[in-house]
Every structure is written in structure tokens, then in C-alpha cells.
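Okay, structure first, notes after.
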Amino acid sequence: MFDYLIVGAGLFGAVFAREMTDRGRTCLVVEKRGHVGGNVYTETVGGIPVHRYGAHIFHTSDETVWRYVNRFVPFAPYRHTVKANNNGKLYSLPFNLNTFDEIFGARTPDEARAAIERTRVPCDAPRNLEETALATLGSEVYRLLVKSYTEKQWGRPCTELPPFLLGRLPVRFTRDNNYFNDTFQGIPREGYTPLIEALLKGSEVRLGVDYLAHRAELNALARKVLYTGPVDAFFDCRLGRLDYRSLRFETEDLPQPDYQGYAVVNYTGAEVPFTRILEHKYFCGADVPHTVITREYPQAYAPGREPYYPVNDERNTALYARYRALAEAEPNVLFGGRLGTYTYADMDDTVAAALALAAREFAKE
Ligand code: FDA
């Protein structure tokens, strides 16, 4: 009999497994995919760790979390900068003085503020993302860098998207192209898979096992379950399905040393169907004569596709609250991770949440 059955070998399940193993508990980890790591999984192709489920940059201001992940694998320093391609012209992201120079020819913070002011569409109480963007960034920045990109990402017009989705990108009046404001930033030198493998050391891991298809027999193997799969699926979607946004990735190994010169270029125009191209060698500085790129296409979610982003609108927030009540009443099952709690969580928040859950569990015993 195992102490814990952990459903999902993603970052959340792996950190929880590590913590419990280190406290002398036994863990059985079941994962329905053919590999560990969940969405942070990387596969090394000709010396380049390829981020199979989208670009993953570890960034945090939580020193405890940073020290924790650095215990298991060496991290290479990395500073994330992103370019936007609109109709062949490149712009700097996140919005900063370089961006405003590229769009308006603004050379100083005052010139940039004045240019934005000229194109702003004031709105006292913005009701959607479009109104928020027009009121804060102005019509030109919105047209070139926000509108089509966001509509491709979410599959809905910006007039139907909540204002808070815009809030994740900083606006600066310096020439700082650093995408993140966090104190610590890096990427494991050999990719994320060795990190997950180190976290899972000491646990029994079974790949290609769908917990929901073998629930009774797997439950019988452990005292308690940690479930990190989709919370609605756990309850057979009996209250209705939660919505997600899905993605499709098209990866090519090219026989040339480089392709775009940046790890990530966003395609912000409506004329191309994908939202980004990743060039994986720039995440880790691999010095090899070929390069691997991935085009990222947002797509509608349907059963059988990977659920990537929760859709935190009114309907789904209310529906999740009802599933959460069911989850809290479920005996001997803990729910965690981005799918188990229907949330978007960066990796540092995922690690912190798994550490906190493990500490609470241990304190209860
Ligand atoms: P995750 O989904 O990784 O793991 C859950 C696992 O459970 C999966 O492996 C799944 O197959 C398995 N599972 C589900 N149902 C099952 C079942 N019935 N039986 C068995 N197994 C089952 N964060 C960040 O800090 N920096 C970044 O740059 C990015 N970039 C990024 C890009 C994209 C496109 C996305 C969608 C997300 C990011 N993130 C990120 C967030 C990051 O991916 C996230 O924090 C972690 O992957 C969350 O780990 P979890 O273990 O919670 O979920």
C-alpha cells in the first residue's frame, strides 16, 4: 500500500512527490502521457532541449522557490526578451520606450507619453479588453500589437474579453526589453525533464495510465490521492464542462544554424494564423549547427485536445466554484495544480502551492 497515489507527473505532482518522499512517505505516480513533466516537458533534439508544450521560462521573486528548484538541476541564466512581428516589421515587447520609438519615432519618455495621449480613446469605466487597451495604450499600439494577437489567442473579439487579460504585460518608459520584472530568471541547462526526474526520484512512476479509466483499482493501492488532472473530469463533468483554450504546436528541425535570432517572436497580425514562433536553441544557448522552431497555433478546446488555458469568465468561474465545493467534500482526495484548481499558474506559483500543500498534509498527519 502506497501512502499517496499522485495523478499527473507534472510540476505540481512531482514537487509533492519529492516532499512526501523526503518525509519518508511512499508515492505511486500515474501519468496518462508517455512522459513525465506535464507541460514543462522538454525533449532534447540534436543537443537542443525543445519545449514541447510552449515556451517555459522560470521567473520568480520568491527566493525560497528559486533556491528549491536550483537544488535539483543547474539553471542557466536567461533574460527573456520578445519581439513582435506585424506584417514583417519588428517591434519590441513588453511595451517600452523602444516599442514607442519603433511605432511613433518617440525618442524620450515625454514624446512617447504624448504620442500615446494623441491616440488614446478615454473611457471612464472600460467594460472589455478593447476599451481598456484603447484607453491606456491608444489606438495605434492596440491595432499593431494587441488586437489580432489577443483575438487569435482567445478566439473571441477583444470587445468580448475581460479587461484583466491585458494586465499581464507591463508598460515602461525606459528602454528595458526584459519581459519579466522578477528578481530571478533562468532555464534548466538540460531542459525541464531532468528537473522533473530528480523530483520524482524515489517514487514509482507509471506512464500511459489514465487514472479515470482505472480509478477503483488505483485508489485501492494508496491511502490518499493527489489529483492534478481537470477537476470537472474527476466528477464526470456532472455539473457541465469547464472551458479551456487549447494550442497546437508545429515543430521543424531546420538544417541551418539559426532562423529568427530570438527565442520568441510573436506574430501580432491577423494575416498569419499562428501567434508565435519559438526558436529553442536561444533558451539554452546550444551551440549546434541546426535549429529547431515551433509555430504555436491557438485552437478551440474539445475533448481529446490538451486543455491549456482556463477561461476565467463569469460562467466558468461560477461553475468552478461548484466543482470546488465538490472537491472539498471528497474524502481522501487532494486537488492541486493548474487543472485540479482550474487556474493559470506560473511555474513558481505551482512549486510554491505544491510545497504548501505538502506542508499542510504533513502537519495534519
Ligand atoms: P500539468 O498540466 O503540467 O501536469 C498535469 C499532468 O496530469 C499532465 O501531465 C497530465 O497529462 C496529467 N493528467 C491529467 N489527467 C490525468 C489522468 N486522468 N490520469 C493521469 N494523468 C493525468 N509558467 C512559467 O512560469 N513560465 C512560462 O514561461 C510558462 N509558459 C507557459 C506556456 C504555456 C503555453 C502554458 C499553457 C503554460 C505556461 N506556464 C509557464 C505555466 C506552467 O506550464 C505551469 O505552471 C505548470 O505546467 C503547471 O504544472 P501542473 O503539474 O499543475 O500541470
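In each ligand, atom 1 is the first atom listed, and ligand 1 is the first ligand listed. Quick note: numbers below take in every heavy atom, side chains included, and nothing from hydrogens, waters or symmetry partners.
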- Task: Please assess Phe173 against Phe100 for the test ring pair (Phe, Tyr, Trp, His ring centres under 6.0 Å), listing each intermediate value before the final yes or no.
- Result: CA-CA 9 Å; Phe173 291 94; Phe100 305 131; 5.6 Å; yes
- Message: One residue to check: Thr350. Relative to ligand 1, which of side chain, backbone, both or neither has a non-hydrogen atom less than 4.0 Å away?
- Response: side chain
- Does a side-chain heavy-atom distance below 4.5 Å link Glu31 with Val36? no
- Query: Short N/O distance, under 3.5 Å, between Tyr53 and ligand 1?
  - Reply: no
- Item | Proximity to ligand 1 by part of Asp349, non-hydrogen separation under 4.0 Å | neither
- Message: Within 45 degrees of the ring normal and closer than 6.0 Å to the centroid, is that where the cationic atom of Arg276 sits relative to Tyr149?
- Response: no
- Message: So for ligand 1, is Met347 a polar contact partner (N or O within less than 3.5 Å, distance only)?
- Response: yes
- Task: Answer yes or no: is there a side-chain heavy-atom contact under 4.5 Å between Thr294 and His280?
- Result: yes
- Six-ring centre of Tyr342, Arg324 cation under 6.0 angstrom, axis tolerance 45°: no
- Item | From Gln260, Glu279, Lys281, residue fulfilling side-chain hydrogen bond (donor to acceptor under 3.5 Å, both in side chains) relative to Thr291 | Glu279
- Query: Taking both backbone and side-chain atoms of Tyr227, is any N or O found less than 3.5 Å from an N or O belonging to ligand 1?
  - Reply: no
- Query: Between Arg33 and Tyr53, is NZ or CZ placed under 6.0 angstrom from the six-membered ring centre and within 45° of the ring axis?
  - Reply: yes
- Message: Is there a polar contact, in the sense of an N or O pair closer than 3.5 Å, between Ala55 and ligand 1?
- Response: yes
- Task: Counting heavy atoms only, name the option from Arg338, His56, Arg206 that's nearest to atom 38 (C) of ligand 1.
- Result: His56
- Message: Looking only at distances, can you tell me whether any N or O atom of Glu296, backbone or side chain, sits closer than 3.5 Å to an N or O atom of ligand 1?
- Response: no
- Message: Regarding ligand 1, does Phe249 bring an N or O atom to under 3.5 Å of one of the ligand's N or O atoms?
- Response: no
- Consider ligand 1: state whether an atom of it lies below 4.0 angstrom from any non-hydrogen atom of Ala354. no
- With sequence neighbours left out, the residues meeting ring-ring contact (aromatic ring centres under 6.0 Å, His included) with His56 are none
- Taking only heavy atoms of Asp210, which atoms of ligand 1 are found under 4.0 Å from at least one of them? 17 (C), 18 (N), 19 (N)
- Query: If you measure from the Lys or Arg side-chain nitrogens to the Asp or Glu carboxylate oxygens, is any gap between Arg25 and Glu361 under 4.0 Å?
  - Reply: no
- Message: List ligand 1 atoms under 4.0 Å from Gly229, heavy atoms only on the residue side.
- Response: 14 (C), 15 (N)
- Query: Is it true that Arg156 and Asp313 have a side-chain N and a carboxylate O under 4.0 angstrom from each other?
  - Reply: yes
- Message: Please report whether ligand 1 has a polar contact with Gly13, defined as an N or O pair separated by less than 3.5 Å (distance criterion only).
- Response: no
- Message: Checking the side chain of Glu102 only, and the main-chain atoms of Ser92 only, is there a donor and an acceptor separated by less than 3.5 Å?
- Response: yes
- Side-chain donor-acceptor pair under 3.5 Å between Thr268 and Asn86, yes or no? yes
- Query: Where is the nearest protein heavy atom to atom 27 (C) of ligand 1: which residue, which atom, and how far?
  - Reply: Ile57 N, 3.4 Å
- Query: Less than 3.5 Å between some nitrogen or oxygen of Val40 and one of ligand 1, yes or no?
  - Reply: no
- Query: ligand 1 and Asp348, any nitrogen or oxygen pair closer than 3.5 angstrom?
  - Reply: no
- Item | Numbering as shown, the atoms of ligand 1 that approach Leu247 to under 4.0 Å (heavy-atom distance) | 34 (C)
- Task: State the atoms of ligand 1, each with its element, that fall below the 4.0 Å cut-off from a heavy-atom position in Pro230.
- Result: 15 (N)
- Distance-only N or O hit between ligand 1 and Tyr309, under 3.5 Å: no
- Query: Which of the listed options, Phe180, Tyr344, Tyr211, holds the heavy atom that is closest to atom 39 (N) of ligand 1?
  - Reply: Tyr344
- Ring centres under 6.0 angstrom apart (Phe184, Phe75): no
- Val209 heavy atoms, cut-off 4.0 Å: which ligand 1 atoms fall inside? 19 (N), 20 (C)
- Message: At less than 4.0 angstrom from any non-hydrogen atom of Gly337, what atoms of ligand 1 do you find?
- Response: 52 (O)
- Query: Which residues pass the salt bridge (Lys or Arg N to Asp or Glu O under 4.0 Å) test with Arg189, sequence neighbours left out?
  - Reply: none
- Message: As an exercise, identify every atom of ligand 1 less than 4.0 angstrom from a heavy atom of Glu31.
- Response: 6 (C), 7 (O), 8 (C), 9 (O), 10 (C), 11 (O), 12 (C), 20 (C), 21 (N)
